[in-house]
Number of protein chains: 2
Amino acid sequence: MTSPAVSSRALPHPEHDEIRLEDVLHALSEPMRLRIVRELAAASGELSCSHFDLPVTKSTTTHHFRVLRESGVIRQVYRGTAKMNGLRRDDLEELFPGLLDALLDAAGRQAGRLAP
Amino acid sequence: MTSPAVSSRALPHPEHDEIRLEDVLHALSEPMRLRIVRELAAASGELSCSHFDLPVTKSTTTHHFRVLRESGVIRQVYRGTAKMNGLRRDDLEELFPGLLDALLDAAGRQAGRLAP
DNA sequence: CGACTCGTACGATAGGCATCGTAGTACGGT
DNA sequence: ACCGTACTACGATGCCTATCGTACGAGTCG
């Protein structure tokens with residue numbers, strides 16, 4: 001009943017200085033992925049993939065999480081059968097100060113504007 | 001030799017409240033377009049399309065400018081044979097405060113980091 | 001072991017998009 | 001009227017990607 005250990009299954013992440021702005025923007029330009037990132041930011045912790053209830057199949061969900069990971073936006077790690085996801089806040093903040101907050105704020109404003 | 005008047009040729013732009021964050025991010029996730037926007041921001045005025053010396057053909061350049069315009073990032077207007085381009089700073093700032101500056105800063109940092 | 005859950009891999013499909021070349025339009029100057 | 005410049009329109013091409021379904025692997029719990 002102890003929380004499951006981190007599995008040894010490898011998940012390739014870009015290093016801190018391999019993160020590219022274009023990739024980050026491309027990752028976040030997809031509504032589904034932007035939504036994931038917003039939820040992740042709101043949770044301010046790690047969330048399992050299955051926590052998200054997205055209007056797409058599991059295959060597609062896996063795809064979107066991979067894009068987010070490979071662009072450097074999130075960090076993923078296996079914990080038992082679950083795969084936990086967390087925002088790479090520190091890396092992004094150091095590379096692009098203020099960007100993530102501005103993006104989240106922008107997304108929040110637009111959401112409020114479009115669905116009052 | 002007075003400066004040519006604005007032509008009546010129509011160029012469809014999204015209205016202020018038709019601008020979508022996803023479209024803006026998608027537009028800026030393309031290196032060529034991000035570069036255009038950075039030059040435009042640095043010039044802090046209007047620039048003609050032909051001012052830009054991009055490593056693609058003119059067809060492709062036209063395409064990129066159209067994407068930027070249709071996403072609401074820039075405003076285009078004909079002035080004689082030239083087509084002038086300007087950043088929609090005010091609209092973007094009102095919709096997404098701080099976002100454009102954060103993006104430009106991020107792009108600048110990355111450029112400095114990758115080409116020292 | 002066996003069943004169940006979570007997530008992956010792979011192939012297929014359909015649509016989007018960056019790019020080019022060529023042919024054409026709009027405008028300004030001579 | 002003519003020419004040159006600036007940009008566009010259109011079609012083609014090849015790549016990328018969002019989506020799905022099915023079959024499979026890894027881990028947990030009984």
Side-chain angles (χ1 to χ4, degrees), chain A residues 1-13 20 22-37 46-71 73-86, chain B residues 1-13 20 22-37 46-71 73-86:
Chain A
M1 288 308 134
T2 72
S3 77
V6 172
S7 155
S8 63
R9 276 186 280 174
L11 284 172
H13 290 75
R20 294 289 172 272
E22 310 87 274
D23 297 338
V24 171
L25 296 183
H26 173 245
L28 298 182
S29 69
E30 228 285 337
M32 207 74 67
R33 292 195 289 256
L34 186 56
R35 170 172 162 176
I36 291 173
V37 168
E46 291 188 328
L47 293 179
S48 70
C49 289
S50 57
H51 167 272
F52 296 84
D53 188 25
L54 304 174
V56 290
T57 64
K58 280 205 299 181
S59 311
T60 307
T61 302
T62 297
H63 164 70
H64 285 312
F65 275 103
R66 185 174 51 222
V67 173
L68 285 171
R69 171 169 46 84
E70 291 179 346
S71 69
V73 176
I74 67 173
R75 199 174 285 283
Q76 295 189 294
V77 71
Y78 282 106
R79 192 115 52 191
T81 65
K83 192 184 196 175
M84 305 305 293
N85 305 275
Chain B
M1 303 329 126
T2 71
S3 78
V6 171
S7 154
S8 62
R9 275 186 282 174
L11 283 171
H13 289 76
R20 294 287 172 274
E22 310 88 273
D23 297 339
V24 171
L25 296 183
H26 173 246
L28 297 181
S29 70
E30 228 285 338
M32 208 73 68
R33 293 195 288 256
L34 186 55
R35 171 171 162 177
I36 291 174
V37 169
E46 290 190 328
L47 293 178
S48 71
C49 288
S50 55
H51 168 271
F52 295 84
D53 188 26
L54 303 174
V56 290
T57 64
K58 279 211 291 182
S59 310
T60 306
T61 301
T62 298
H63 163 69
H64 285 314
F65 275 103
R66 185 175 50 220
V67 173
L68 286 172
R69 171 170 45 86
E70 292 179 344
S71 69
V73 176
I74 67 172
R75 199 174 284 283
Q76 294 189 295
V77 72
Y78 282 107
R79 192 114 51 189
T81 67
K83 193 183 194 174
M84 305 306 292
N85 305 275

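Throughout, a chain's letter reflects where its sequence line sits, starting with A, and its residues are numbered from 1.
No donor-acceptor pair closer than 3.5 Å links the side chain of B:N85 to the backbone N or O of B:Q76.
For the pair B:L11 CG and C:dC27 P, the computed distance is 12 Å after rounding to whole Å. Distance, A:R79 CZ to C:dG7 P: 13 Å, rounded to whole Å. The NE2-P distance, from B:H64 to C:dG16, rounds to 18 Å in whole Å. B:L54 has its CG atom 15 Å from the C1' atom of D:dA6, to the nearest Å. Nucleotide D:dA6 holds its P atom 15 Å from the CZ atom of B:F52, rounded to whole Å. In this entry the distance linking NZ of A:K58 with C1' of C:dC10 reads 16 Å, nearest Å. Atom CZ of A:F65 and atom C1' of C:dC6 are 13 Å apart (whole Å). Note: CE (A:M84) to P (C:dC6) measures 13 Å, nearest angstrom.
Residues A:T60 and A:T57 bring a donor and an acceptor atom of their side chains to less than 3.5 Å of each other.
The side chain of B:H63 has C:dC17 as its nearest neighbour among C:dC17, D:dT19, D:dC7. The side chain of B:T60 approaches C:dT19 more closely than any other nucleotide in the set C:dG7, C:dT19, D:dA9. Counting only heavy atoms from C-beta on, B:R33 has its side chain closest to C:dA18 among D:dC7, D:dC20, C:dA18. Of the candidate nucleotides D:dT19, D:dC7, C:dC6, D:dC7 has the atom nearest to the side chain of B:C49. Of all nucleotides listed (C:dC17, C:dG7, C:dC27), C:dC27 comes nearest to the side chain of B:T81. Considering only the side chain of A:T57, D:dG21 comes nearest among C:dT19, D:dG21, C:dG7. Closest to the side chain of B:V67, out of C:dG7, C:dA18, D:dC7, is C:dA18. The side chain of A:S59 sits closest to D:dC20 out of D:dC20, C:dC6, C:dA18.
Of the inter-residue distances, the one linking B:I74 atom CD1 with B:M84 atom CE reads 11.5 Å to the nearest 0.5 angstrom.
Side-chain atoms of A:L54 and A:R35, non-hydrogen and from C-beta on, do get closer than 4.5 Å to each other.
A:L28 pairs in a side chain to side chain contact (heavy atoms under 4.5 Å, CB included) with only one of the listed residues (A:V67, A:V37, A:D23, A:I36), which is A:V37.
Nucleic acid contact for B:H26: sugar-phosphate only, since backbone atoms but no base atoms lie under 4.0 Å from a heavy atom of the residue. Among the heavy atoms of the strands lying under 4.0 Å from A:S50 are primed sugar atoms or P, OP1, OP2 only; no base atom is included.
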